[in-house]
Every structure is written in C-alpha cells, then in structure tokens.
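Notes to accompany the following structure.
By convention in this document, chain letters (A, B, ...) are assigned in the order of the sequence lines, proteins followed by strands, and residues within each chain are numbered from 1. None of the values given here were measured: they were computed from a predicted structure.
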Protein chains: 2
Amino acid sequence: MDGDSGGDIDLQSFAVRLRRMNAEFNRVAHDFAGAHGLHTTDIQALVKIFDAPSPITPSRLREELNLTSGAVTACLDRLERAGHIRRVRDAHDRRVVHLHYLDAAKDLAAAFFQPLGRGTGNALRRFSPEELRIVAAFLDAMNEELDALRAAPGSP
Amino acid sequence: MDGDSGGDIDLQSFAVRLRRMNAEFNRVAHDFAGAHGLHTTDIQALVKIFDAPSPITPSRLREELNLTSGAVTACLDRLERAGHIRRVRDAHDRRVVHLHYLDAAKDLAAAFFQPLGRGTGNALRRFSPEELRIVAAFLDAMNEELDALRAAPGSP
DNA sequence: ACATATAACTCAATGATTGAGATTCTTAAT
DNA sequence: ATTAAGAATCTCAATCATTGAGTTATATGT
C-alpha cells in the first residue's frame, strides 16, 4: 500500500469492474434477444451491423464474431426474416452482400435500449467534461490494446 | 477547452466505445471457451463464480445469467466434468449447492487471460493515479446504473 | 478459355437451451 | 410426529443454433 487511500487503482479491481459491466451489458442484450425471439449471437451481429462505419458483409461478420459461415448465414436469415436487416447484393461484385439495418428495426432497438441509454447518460452526467475526456481516453486505450491482442494474441 | 469541438463527450460516442469494448471482451471469452471445449455460457458462469464474494449457488447463477434451471444444471455438469468447478452441498440446508472454482482451473484461466491482463495493464499505465480514480469512479457509476436498471427495467 | 480464388449458401450431424415435471430437503403448522 | 407447502436442484424429451464439409455463383489472372 503506497499512500494511495482507496486501493482502487490496481489491475485486479479494474478487471472486476470491467467484468461486471460486461456481464450486465450481456444480460441486457440477452433480454432484448428474448423479447424479440432472437439469440445472443443475433444481437452481437446487430451491434456490429449498426456500429460499422459502412455497410458490413457476412464474411466480415464471420471474422468479427468468430463464427462459421454457416452460422452467419443462419443468423442473417433470422435477422432478415424478423425484419431487422436487409441483404443487398453489391452491384460491382455480385458475390458480395451488404447488410443494411432497417430504420424500423433501429427504432425498435432504440426504444428497447432507451433505459440503458438513460442509465449511461445518468452515469456520464456525474462527471465534468474534462473527466469524461479522461474516461473516453481510457476506453480508447482499452480498445487499442484489445485490437492489438486480436492481431497478436500472445506477444504484447 | 477546445475539447468541446472534439465530439468525444456525448452519449453516442461513449455508447460506441462501450459496445466495442464489450464485443472484444466477448470475443476473448469465446476464444477461451473454444480452446477448452466449453461455450460462451460456461465462461459467463465461470466469471460469476470467480467474482462472487462468497460461493454462489446454481439458483443465483440462474438469476444472474437469465437461464432456465435445466440450462444451469447442464452448464455446471460441463464445468464440473471439465474440472473447473466443484459442487459442494451445504451442511445446514442440504438442498443448497455451493459452487467452488478449483485452484488448478483458476491457474489455467489466469494463464489464458494473461495477455488480456497485460493489455489492460498497458492501458492503465497510460494514466496517472488521479486519472485512474476518475475512471474507476465512472465504472462504478455505470455499474450502479446497470444494477438500478436490472431492478426496475423501465423506471429510472 | 481455363484455372484458381473468393463470397455466400446448403445440409446433415452435433449439442446447448428450453419447459415441464420429478426429486430431495426445509420450514411452519397442526 | 405428521402433514402441507415451499424451495433448490436435477431429469428428460423437444427444439433449434452451430459446426464442418461440400456447393454454387462470380471474379481475377494467365
């Protein structure tokens, strides 16, 4: 113990906090899945489709979610059948499919996740802009490290 | 100061960062599962068993993971068969089972997640103790809000 | 044209999750 | 003691997602 009062800044305590938050996010996602006749995988796919800067493809999803192509096809079938997404063939390379998140489904998800958004908003509101910049920097740092891990699982 | 122009402190940008981090954690967990003949659910259970302050029971796990009792039993069968946990009947209430994470399995998990721990450590090392206290406070705030959401999914 | 590579899909086999019900034990009341 | 009600866990058949191998359609290079 070196003068730090709270004992809050060691690796283990952060790991516990992060695992707990991760578990809760997964629980919310699991609830959404259940409420809409979907599965955990489908929600993960929806998040990826939603957050992708430009329309994502099934093979990219396969990489992101670590699934087999068969599983991705089945997942997209479910999402398309339930009216969440649409498959659009690329005009230039007709082998390629682009995945579009339908607006109506976006609204549905927005409505469901509104409590989560409010909760996150409440948490953010407790901090000053400078503090939030630090938090954002931390999340960015974590995401950088996680990307590095994905690239080279053992080395860094 | 100029930071207001960065667009880094609005709800949406935080949501994206958090979703991305969540997805990467899940990917790491999925890898661990695959490497040990387990499934995503089993890892979620292991995390809960590991992080519980005192030995957890199957019914508590059922609540935490939102599974049916049948699924929990099957999950624990797999974990016990694979040598990760042990079921211990409570002496006073013999209906109750307590779940113990075996030390050998802890070592196994520690070894596997060492890269993740190093990555997290790298991220933490970029920040001063005061900054880390802010980040820890933010994670605590998020976890509080998430707990509130779990208790009353619609109200706050 | 031909061969090779890539994107997405199909399908049988495997196996996790569900949902209902059975089993074992506890607690409170008669 | 005995009974009834309640709780914690487990069993099992049915359902359905995932896998892994193989197929189709399109693209690229020689």
**Prompt:** chain B on DNA chain C: first and last contacting nucleotide, 5' to 3', under 4.0 Å to a heavy atom?
**Reply:** C/dA16 to C/dT26

**Message:** Applying a strict under-4.5 Å side-chain criterion to I, L, V, M, F, W and Y, I'd like to know whether B/Leu108 and B/Leu116 cluster together.
**Reply:** no

**Asked** So which heavy atom on A/Phe113 is nearest to which on A/Val28, and how close?
**Response** CE2-CG1, 3.6 Å

Atom pairs under 3.5 Å, N or O on each side, protein against nucleotides 17-19 of chain D: can you list them with distances?
from	atom 1	to	atom 2	distance (Å)
D/dA17	OP1	A/His39	NE2	2.8
D/dA17	O5'	A/Arg78	NH1	3.4
D/dT18	OP1	A/Thr41	OG1	2.4
D/dT18	OP2	A/Arg78	NH2	2.9
D/dT19	OP2	A/Thr68	N	3.2
D/dT19	OP2	A/Thr68	OG1	3.2

**Request:** Run the salt-bridge test on B/Arg150 and B/Glu64 with the 4.0 Å N-O cut-off and return the result as yes or no.
**Result:** yes

**Request:** Measure the spacing between CG of A/Leu124 and CD of B/Glu145 and express it to the nearest 0.5 Å.
**Result:** 9.5 Å

**Request:** With DNA chain D as reference, determine whether B/Leu76 or A/Arg95 sits nearer its 5' end, using the nearest nucleotide of each.
**Result:** B/Leu76

**Asked** Between A/Asn122 and A/Arg125, do the side chains contain an N or O donor and an N or O acceptor separated by less than 3.5 Å?
**Response** yes

**Item:** Separation of D/dA25 C1' from A/Arg89 CZ (nearest whole Å)
**Value:** 8 Å

**Item:** Minimum-distance pair of heavy atoms, taken over all atoms of B/Ala45 and B/Leu61
**Value:** CB-CD2, 3.5 Å

**Strand contacts (DNA chain D) in residues 55-64 of chain A, 4.0 angstrom heavy-atom criterion** = none

**Asked** Does the pair B/Arg126/A/Asp140 count as a salt bridge with the N-to-O cut at 4.0 Å?
**Response** no

**Message:** Show the nearest heavy-atom pair for residues B/Ile43 and B/Leu38, with the distance to one decimal.
**Reply:** CD1-CD1, 4.2 Å

**Prompt:** Closest heavy-atom contact between A/Leu11 and B/Gly121?
**Reply:** CD1-N, 4.0 Å

**Prompt:** Across the strands shown, which category fits B/His98 at heavy-atom distances under 4.0 angstrom: base, sugar-phosphate, nothing?
**Reply:** nothing

**Message:** Working to the nearest 0.5 angstrom, can you tell me the gap between A/Ile49 CD1 and A/Tyr101 OH?
**Reply:** 8.0 Å

